[in-house]
There are 2 protein chains.
Amino acid sequence: MPLAHIWRHRFKGDGFRWTLTRKAILDLLSRTSKHMSAQEIYDTLLKSYPGIGLSTIYRTLDLLSRMGLVNRLNIGEGKSRYEYRSGEEKAHHHFICTNCGKIIDYSGFLDEELDLVEKIEKNLARKYNFIVKDHNTDFYGLCKNCR
Amino acid sequence: MPLAHIWRHRFKGDGFRWTLTRKAILDLLSRTSKHMSAQEIYDTLLKSYPGIGLSTIYRTLDLLSRMGLVNRLNIGEGKSRYEYRSGEEKAHHHFICTNCGKIIDYSGFLDEELDLVEKIEKNLARKYNFIVKDHNTDFYGLCKNCR
DNA sequence: ATTATTAATGAGAATGATTGTCATTATGAT
DNA sequence: ATCATAATGACAATCATTCTCATTAATAAT
């Protein structure tokens with residue numbers, strides 16, 4: 001089943017309308033490996049969808065984020081970046097270069113991490129009565145070009 | 001040795017001046033367990049230091065962050081929060097309530113985590129030629145009051 | 001298929017956090 | 001005590017994001 005059909009069903013099921021703009025943003029994010037900002041998404045889509053509005057980009061990214069279809073990343077730039085969240089693939093880490101801002105996805109050692117995270121989550125629940133829904137680990141350092 | 005002396009030596013050693021404002025911010029952050037925003041720090045300090053400027057708060061927080069004396073936190077609120085980084089205590093995790101924004105520090109399982117992180121860091125270095133300087137893990141979920 | 005309902009959109013104003021500018025002040029070396 | 005200049009305060013400027021509202025388009029009902 002093509003992604004677009006899955007998305008559409010998801011939207012209808014959640015009571016949202018399936019629009020050209022929403023499809024365009026999902027198409028773009030699901031195809032790029034970049035971690036794009038709202039402005040970058042806007043600039044890119046403007047070429048194929050003249051007349052698209054920046055507000056709509058923001059509104060849509062917020063919706064997609066709440067629906068769990070994209071992840072919102074904050075690496076301390078004063079703005080958010082977004083990445084498509086594939087249902088298939090496992091989670092991944094981000095390596096962030098503190099010099100040039102480059103972000104690299106890294107998905108090693110996820111199984112080992114899962115064990116540890118489960119222990120932490122159980123402990124948090126017992127100790128503070130928290131429910132952990134998600135977690136995120138970022139690595140900071142210098143990339144190949146900046147070291 | 002009192003903290004203020006350690007800070008002062010650090011500043012002099014790095015070629016920065018030791019000023020009243022810098023001491024005030026470090027005092028505040030080292031004593032609170034809150035994760036304060038620049039504005040909150042400003043509002044608090046204004047009572048005991050009338051005439052202090054918000055720009056200075058921002059500049060100082062940036063400097064302290066670069067010196068490694070405070071951590072800058074971004075939990076997706078569109079602004080940064082800051083916490084004092086003690087030289088003594090080990091790192092800690094943050095649990096962030098996605099409903100009310102509450103942040104809790106949590107420092108369990110740090111030894112187990114260290115092993116894993118070291119493996120990941122070695123792997124990143126070998127695979128991508130990256131140098132990892134630091135890492136951060138956040139947990140998202142619902143706190144006691146919001147569950 | 002046509003129409004009615006209303007969610008979604010585009011344009012631009014408004015907001016809020018952060019950074020930049022510049023004249024003044026205060027720290028640390030002399 | 002004096003001097004050089006880093007640090008500061010006031011406030012303008014910038015940038016990301018949200019809000020408002022009239023218009024448009026997606027869906028349900030006909």
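Below, read A as the first sequence line, B as the second, and so on, with proteins coming before strands; counting in each chain starts at 1. No experiment lies behind these values; they were computed from the predicted model shown.
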C/dG10, OP1 or OP2 - any side-chain N/O from A/Thr56 closer than 4.0 Å? yes
Regarding B/Asn123 and A/Tyr106, do their side chains bring together a donor and an acceptor under 3.5 Å, going by distance alone? yes
On DNA chain D, compare the nucleotides closest to B/Thr19 and A/Phe16; which residue's is nearer the 5' end? B/Thr19
Step-by-step salt bridge (charged side-chain N to carboxylate O under 4.0 Å, His left out) determination, B/Lys119 to B/Asp115: CA-CA 6 Å; B/Lys119 279 203 283 182; B/Asp115 292 341; over 6 Å; no
Does the base of C/dA11 carry an N or O that pairs as donor and acceptor with the side chain of A/Ser55 under 3.5 Å? yes
Can you tell me how far P of D/dC15 sits from CG of A/Leu54, to the nearest Å? 14 Å
Students often get this wrong, so: under 4.0 angstrom with heavy atoms, is A/Ile52 touching a base, only sugar-phosphate, or nothing? sugar-phosphate
Evaluate the ring-ring contact (aromatic ring centres under 6.0 Å, His included) criterion for residues A/Phe130 and B/Phe95: first the C-alpha distance (whole Å), next the side-chain angles of each, then the deciding distance (0.1 Å), finally the verdict. CA-CA 9 Å; A/Phe130 287 160; B/Phe95 172 85; 4.0 Å; yes
Describe the nucleic acid contact of B/Arg59 in one word from base, sugar-phosphate, nothing, applying a heavy-atom distance below 4.0 Å. base
Does B/Leu69 offer a backbone N or O that forms a donor-acceptor pair with the side chain of B/Arg10 under 3.5 Å? no
A/Tyr82 OH to D/dA16 P, straight-line distance once rounded to whole Å: 12 Å
Rounded to the nearest Å, what distance is computed from the NZ atom of residue A/Lys12 to the P atom of nucleotide C/dA7? 16 Å
Rounded to the nearest Å, what distance is computed from the OH atom of residue B/Tyr42 to the P atom of nucleotide D/dC11? 10 Å
Strictly below 4.0 Å: does B/Tyr58 bring a side-chain N or O up to OP1 or OP2 of C/dT19? no
I need the NZ-P distance between B/Lys79 and D/dT18, as an integer number of Å. 13 Å
Under 3.5 Å, is there an N or O donor on one side and an acceptor on the other linking the side chain of B/Arg17 and the base of D/dA7? no
Can you measure from CG (B/Asn71) to NE2 (B/His35) and round to the nearest 0.5 angstrom? 9.0 Å
Rounding to an integer number of Å, can you tell me how far B/Gln39 CD sits from C/dT19 P? 14 Å
Nearest-Å distance for atom pair CH2/P, residues B/Trp18 and D/dT8: 11 Å
What nucleic acid atoms does A/Ser37 come within less than 4.0 Å of, heavy atoms only: base, sugar-phosphate, or nothing? nothing
Atom CZ of A/Arg22 to atom P of D/dT27: distance rounded to whole Å? 10 Å
